[in-house]
Amino acid sequence: MNMKNNTSLESLDILENPTQEEVMKEYILKNKPVLIRGVVCDWPAYKKWSGAEFLQKYGGVSVLTNRQVKPDGPIESKEFTLSCYLQYIYETTDDTPYYLTDWSFSAVFPELVQDYNVPEYFKNWLRRIPDEKLIGNQIQRWIYIGAKNTGTIMHRDFLHSSSWNAVITGAKRWVFYSDNETENVYNGDVDAFNPDLTTYPNFSKAKGYTCIQKPGDMIFTPSLWWHQVKNVEAGISINENFINETNINIVANNYINNCIGESVELDELIKIHIPEIYDV
Ligand SMILES: O=C(O)CCC(=O)C(=O)O
Ligand SMILES: [Fe+2]
């Protein structure tokens, strides 16, 4: 990873076994990202999802993976069985490997949701939406599985919701930039891991945070924060986007001003399940 041009990356805060109050008061209510240790290790998923039993049960399911070899090039898709894909991520020599990013597993295997226990501070009104409605709507929860060097370009999350992400196996490098840095990250156009400072000179002024997330670590990404992620080791992670009283103002303003009308189905789901959006 080339970070030599970026002089203003600070280490992200790390909390070891924090109390609910600490996470809520110091991070969620302040809309600040953080890495949390000591939560995921107690989840059944942490032991089960990389084991033989998991593979035996789910290995035959087919998953759709994607890659984009050139920044402006086409997105290529490839279907694998989960067991072939899990072999691929450890063995591939592809320069740009295929990445599984939006496997809406809970619509197909609802029992997998029982394998993880989300702390109360990540309360999620999106969970009111039935799992079978999630497919195609790009909401709520995904398992990510990727080879070394796969990753996600700079972005903010869906509907300006917040998210948590837990690494089960592998490792991820994260960078975060607050909403105040939107101009310096060129609305997400810059590649923070290999910045083109001729095209994006102000990126050198952007103040960001970085961390490496390892197995058992959970990341909190607040609403509106830009983030870019690279898998520095192949592995499996799980992610949920959430909306609750801590970010409803941001989500509602964005939704009402920018999102209504884009998808009739999503508008309907929001109206039924998250009416708070219209109360703000
Ligand atoms: O792991 C990744 O590639 C992206 C994760 C992400 O963007 C998120 O959890 O919001
Ligand atoms: Fe994200």
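Whatever order the structure lists ligands and atoms in, that order sets their numbers, starting from 1.
Of all N, O or S atoms in His155, the one lying closest to the Fe ion (ligand 2) is NE2. For the Fe ion (ligand 2), the nearest N, O or S atom contributed by Asp157 is named OD1.
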Enumerate, one pair per line, all nitrogen or oxygen atoms of ligand 1 lying under 3.5 Å from a protein nitrogen or oxygen, stating the separation to 0.1 Å; write 'none' if no such pair exists.
unit_1	atom_1	unit_2	atom_2	d
ligand 1	1 (O)	Tyr99	OH	3.4
ligand 1	1 (O)	Lys172	NZ	2.7
ligand 1	3 (O)	Tyr99	OH	2.7
ligand 1	3 (O)	Thr152	OG1	2.5
ligand 1	7 (O)	His155	NE2	3.0
ligand 1	7 (O)	His227	NE2	3.2
ligand 1	9 (O)	Asn165	ND2	3.2
ligand 1	9 (O)	Asn239	ND2	2.6
ligand 1	10 (O)	Asp157	OD1	3.4
ligand 1	10 (O)	Asp157	OD2	3.0
ligand 1	10 (O)	Ser163	OG	3.3
ligand 1	10 (O)	His227	NE2	3.2

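Aromatic pair Tyr177/Trp226: ring centres not closer than 6.0 Å.
Ring geometry, Phe80 versus Tyr88: the interplanar angle falls from 30° to 60°, so the pair is classed tilted.
Counting non-hydrogen atoms of neighbouring residues, nucleotides and ligands closer than 6.0 angstrom, the CD atom of Glu53 reaches no more than 12 such neighbours.
Judged by a 6.0 Å distance limit and a 45° cone about the ring axis, Lys25 is not positioned over the six-membered ring of Tyr121.
Taking the side chain as every heavy atom from C-beta outward, Asp196 and Asp191 never approach each other to under 4.5 Å.
Minimum interatomic distance between Pro71 and Gln68 (heavy atoms only, all atoms of both residues): O-NE2, 3.0 Å.
Side-chain contact annotation: Thr221 with Trp164, donor-acceptor N/O pair under 3.5 Å absent.
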